Amino acid sequence: MIQITLPDKSVREYPEAVNGIEIAKSISHGLAKNVLSIEVNGQAWDLTRKITKDASIKLHTWEDNIGKETFWHSSAHLLAEAIEFFFPGTKFGIGPTVDNGFYYDIDLPEGKVISEKDFQKIEKKMLELARQKNNIVRSEISKVDALTMFAEKNDELKQELIGELEDGTISLYNQGNFTDLCRGPHLPNTGYIKAIKLTAIAGAYWRGDEKNKMLTRVYGITFPKQKMLEEYLVMLEEAKKRDHRKIGKEMDLFTFSEAVGQGLPLWLPKGAQLREQLEIFLKKVQKKYGYDQVITPHIGDVNLYKTSGHYEKYGKDSFQPISTPAEGEEYLLKPMNCPHHCEIYKSRPKSYKDLPVRMAEFGTVYRYEQSGELHGLTRVRSFTQDDAHIFCRPDQLKDEFKKVIDIVFIIFKALSFENYVTQISLRDPEKPEKYIGSPENWDKAEKAIVEACEEKGLNTITELGEAAFYGPKLDFMIKDALGRSWQLGTIQVDYNLPERFKLEYIGADDNRHQPVMIHRAPFGSMERFVAVLIEHTAGKFPLWLTPEQAVILPISEKYNDYAKKVSDFLNISDIRTVIDDRNEKIGRKIRDNELKRIPYLLIVGEKEAETETVSVRRQGEGDKGVMEKSAFANFILKEVKDQLSGLYN
RNA sequence: GCCGGAGUAGCUCAGGGGUAGAGCGCAUCCUUGGUAAGGAUGAGGUCACGAGUUCAAUUCUCGUCUUCGGCUCCA
C-alpha cells in the first residue's frame with residue numbers, strides 16, 4: 001500500500017501502482033467523470049500513469065487551467081492526427097495550448113496548402129477519431145531512437161527539438177495511428193473530446209524567429225460538451241460587437257483614410273471631444289501632483305536623436321529624416337518626446353531645490369510600424385502620448401515612482417478598469433547589445449522599480465528582455481474584447497538619457513550632480529487607451545466622459561424653439577447637449593438616440609414648454625419622470641461630480 | 001516585413017463572363033406626433049487601382065494598394 005496525500009492534507013491508502021482515475025473514482029463519481037489530469041508531487045502527469053510511491057496529488061478538471069490545458073493539448077494531437085491523414089508527409093513543429101484553445105505549427109508537403117475551406121473536413125475527421133476513444137499511451141524512448149524515428153519521417157523540426165532534449169527525459173504519446181513527441185500529460189483517451197472548432201489559420205515563423213522558415217499554424221478550440229462550444233461561439237460574436245473599430249465607426253469617433261495614409265487616425269468631432277475630456281481629467285490630476293505642461297515641436301534635428309540613442313537604435317526602422325533645402329540639415333519626426341524635454345530641462349540651470357521637475361505634454365509622436373502590425377487605434381503610426389518626464393534627485397526617485405503608480409490607479413479607478421496585469425520589464429542579461437548605458441546604471445534602475453513595486457504591494461509579473469533600450473519599466477496591461485493584451489500605462493526609470501544629455505543640477509554641496517529621469521504615460525497613448533476604453537464600455541462611456549451627455553427630443557416641430565432654449569441653458573451649464581429636431585415621431589427619435597448610447601434623453605412637448613420642464617429618460621432604463629430644467633442641470637452635474645469625487649481635488 | 005483571407009452605394013451585405021441588387025442611411029414631399037422603427041417618391045456605384053486573357057471582365061489571371069486574422073516587431 002502507498003499513501004496519497006490530497007490537497008486538503010488528508011491522507012488515503014491505495015494499492016501500489018494506483019492511477020489518477022482510480023483515485024478520482026474512490027473520491028466521488030462526479031470527480032471521476034470530470035477529472036482530466038493529475039499533479040503528482042507538483043508535476044503534471046497522465047491520469048493513467050501508475051503511481052508507485054507515496055505522493056501528494058492534486059486532481060484537475062475543466063474548471064482549472066491545468067485540466068483545460070491537458071484537454072487542449074490532447075486536442076492538438078488529435079488535430080495533428082487528422083492533418084496527417086489528409087496531408088501525409090506533413091512535418092510537425094510544436095502544438096501548444098493558448099488562452100482560448102490550442103494550435104499546431106505544421107510544415108505541409110511541397111505544393112500543398114491548407115485553407116479554411118479544409119476546416120470542415122478536418123473537424124469531421126477529428127470528431128471521428130475522437131469517437132473511436134483511442135487510448136493515448138505514453139512511452140519513454142532513448143534520444144537515439146527518437147532521432148532515428150523522426151529521421152525516418154523526414155521530420156527535421158522534431159529532430160531539432162529532440163536534439164535539445166536530455167536523454168532519459170524523452171517521451172512519446174501514441175493514439176491510433178499517430179505518434180508524437182511530447183512531454184505530456186494527456187487525456188486517457190480521445191473520447192473526452194466532444195466538440196471541435198478550428199478557428200483560424202496563420203503563418204508563424206519556426207521557433208518565433210523571423211529568420212526561420214514560415215510554417216502554417218492552425219488554431220482550434222475543443223470542449224467536453226457541445227453546449228460549451230455553442231456558448232463560446234456566442235461569446236465570440238458578442239466580443240466582436242464590442243470591437244472598437246466597429247463601435248468607433250458607429251459612433252462617429254474616428255476614421256481612417258487611404259488618402260491620408262495607413263495607420264494615421266483621423267479623429268472626428270465626437271472622438272475629439274472624448275479625448276479632450278480625458279485630457280482635462282488627467283491634467284487636473286497632474287496639477288495636483290505638481291506637473292507643469294509644456295509644448296514641443298513635432299520634429300527635431302536628427303542630431304538630437306543621435307544624442308539620445310534613438311537614431312542608432314531605430315533610425316533604419318523609422319520615418320526617414322526630412323531634409324531642408326540647405327544642405328546637411330536633417331530633421332526627424334519625433335518618435336518620443338523625451339529628447340525635447342531634456343532640452344527644456346537644460347534651458348536653465350537647476351538647483352537641487354528645483355527638483356523634482358515634472359514636465360508633462362500630450363505629445364504626438366510618429367513611428368514607422370510594420371504594415372502588418374497596424375490595428376485600429378491600438379497600433380498606429382501617429383499617436384499622442386500623455387507623456388511626462390520627471391527629473392529628480394536619486395534620493396527622490398522611489399517616492400516619485402510610487403506617486404506615478406498612484407496616478408495610474410486613479411485613472412484605472414475612474415474608468416473601472418479592474419482586470420489589469422502589472423509587468424516589470426527588465427533587460428535581457430544575455431543581450432547587452434540591445435541596451436545603452438552601464439550595467440551599474442541598469443542595476444540601480446531595476447532595483448528602484450522592483451523596490452517601489454514591493455513597497456506599493458503590487459502583484460507584478462517580471463519579464464526579462466522587455467525593457468526599453470534606455471531603461472527598465474513597469475507596464476500596465478489590459479485586455480481587449482477578444483482577450484488580446486495591450487500595454488497601456490508605462491513608467492520607466494532612466495539613468496542613461498541624463499548622462500547622454502549631460503543633465504545636471506547643483507547640489508547642496510555646491511557640486512554638479514546628475515538627475516534621474518522617470519518617463520511615464522499613464523494612459524500610454526490616447527489612441528490605444530480610447531480603443532481599450534471603447535471595448536470595455538461597449539461605447540457606453542461614463543457620463544463625465546461621454547461626448548454627448550444629453551439629447552433633447554422635441555415631440556414635434558412646434559417645440560423646437562423650446563428645445564433650443566433648454567439646449568442653450570444646459571450647454572451654458574457645461575452639460576454637453578444636442579437636439580434631435582428631425583421630422584420624426586417621438587418613438588423613432590427615442591429609438592435612434594438610445595442606440596447612439598446618449599445617457600440622457602430629454603423629451604419636450606406642450607406640457608414641458610408650458611412648465612419649463614423636461615421629461616427625462618435614462619439610456620437603457622426608460623422614463624424617469626419630469627424635472628424642472630434647472631433641477632435637471634443640477635442633477636446631472638451632481639452625477640458627474642459624484643463619479644469623479646475623491647479622484648482628485 | 002512574412003503567411004493566409006477579404007475589397008460591390010455613406011454603412012451592413014447579396015450577386016455573378018453580356019446595361020448592378022437589398023436593407024439601413026441620405027434628399028424631397030405628405031404627416032405634427034407623448035416614451036424603442038409613420039408613409040410616398042427619389043438621388044447615389046469606373047463593382048479598390050493597374051495590366052493581361054476574351055467578341056465582351058465588376059466576375060477569370062497576375063501585380064499594386066488597403067483591410068482582416070496570425071507571426072515577427074513595438075522607443
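Letters A, B, ... are given to chains in the order of the sequence lines, protein chains preceding strands, and every chain is numbered from 1. The structure presented is a predicted model; accordingly, all values stated were derived computationally and were not measured.
Of the candidate nucleotides B:G34, B:U35, B:U32, B:U35 has the atom lying nearest to any side-chain atom of A:D623. Nearest to the side-chain atoms of A:K585 among the listed nucleotides B:C74, B:G38, B:U32 stands B:G38. Side-chain atoms of A:Q370 lie closest to B:C73 of the nucleotides B:C74, B:C73, B:C68. Considering only side-chain atoms of A:K607, the nucleotide from B:G34, B:G33, B:G1 that sits closest is B:G34. Here B:C74 is the nucleotide among B:C71, B:G69, B:C74 with the atom lying nearest to any side-chain atom of A:R367.
The separation of B:G42 from B:U35, taken at their C1' atoms, amounts to 32 Å, rounded to a whole angstrom.
For A:K249 and B:G10, the shortest distance from a side-chain N or O to OP1 or OP2 is not below 4.0 Å. Proximity of A:R588 to the phosphate of B:G38: a side-chain N or O atom is located under 4.0 Å from OP1 or OP2. In this structure, A:Q262 reaches the B:U66 phosphate: one of its side-chain N or O atoms is under 4.0 Å from OP1 or OP2. Taking 4.0 angstrom as the limit, A:R379 places none of its side-chain polar atoms (N or O) nearer than this to OP1 or OP2 of B:C74. The phosphate of B:G70 has neither OP1 nor OP2 within less than 4.0 Å of any side-chain N or O from A:H375. In this model, the phosphate group of B:C3 is not approached by any side-chain N or O of A:T216 to a distance below 4.0 Å at OP1 or OP2.
Here A:R591 does not pair with A:E594 in a salt bridge; the nearest charged N to carboxylate O distance is not below 4.0 Å. Electrostatic pairing of A:K213 and A:E156 does not count as a salt bridge here, judged by no charged N lying under 4.0 Å from a carboxylate O. Salt-bridge check for A:E400 with A:R358: passed, with a basic side-chain N closer than 4.0 Å to an acidic carboxylate O.
Judged by closest nucleotide on RNA chain B, A:I586 is the one of A:Y366 and A:I586 placed further toward the 5' end. Where A:S615 and A:F256 meet RNA chain B, the nucleotide closest to each residue was compared, and A:S615 sits on the side nearer the 5' end.
Ring pair A:Y305/A:H310 is perpendicular by interplanar angle, where above 60° counts as perpendicular and below 30° as parallel.
A salt bridge (charged side-chain N to carboxylate O under 4.0 Å, His left out) with A:D592 is found for one member of A:K596, A:K589, A:R588 and no other, namely A:R588.
Between the P atom of B:C73 and the NZ atom of A:K316 lies a distance of 16 Å, rounded to the nearest Å. Look at CD on A:E594: it is 18 Å from P on B:G34, rounded to the nearest Å.
Annotation: cation-pi geometry satisfied between A:R381 and A:Y368 (NZ/CZ under 6.0 angstrom from ring centroid, within 45° of ring axis). Within the cation-pi definition used here (under 6.0 Å to the ring centroid, within 45° of the axis), A:R617 does not qualify as a partner of A:Y600. Cation-pi check for A:K121 over A:F86 is met; the charged atom lies under 6.0 angstrom from the ring centroid and within 45 degrees of its normal.
Heavy-atom distances under 4.0 Å link RNA chain B to A:I201, A:A202, A:G203, A:A204, A:Y205, A:G208, A:E210 of residues 201-211 of chain A, given in residue order.
B:G45 makes up no base pair with any nucleotide shown, lacking Watson-Crick or G-U wobble contacts both under 3.5 Å. With a cut-off of 3.5 Å on both Watson-Crick or G-U wobble distances, the partner of B:U12 is given as B:A22.
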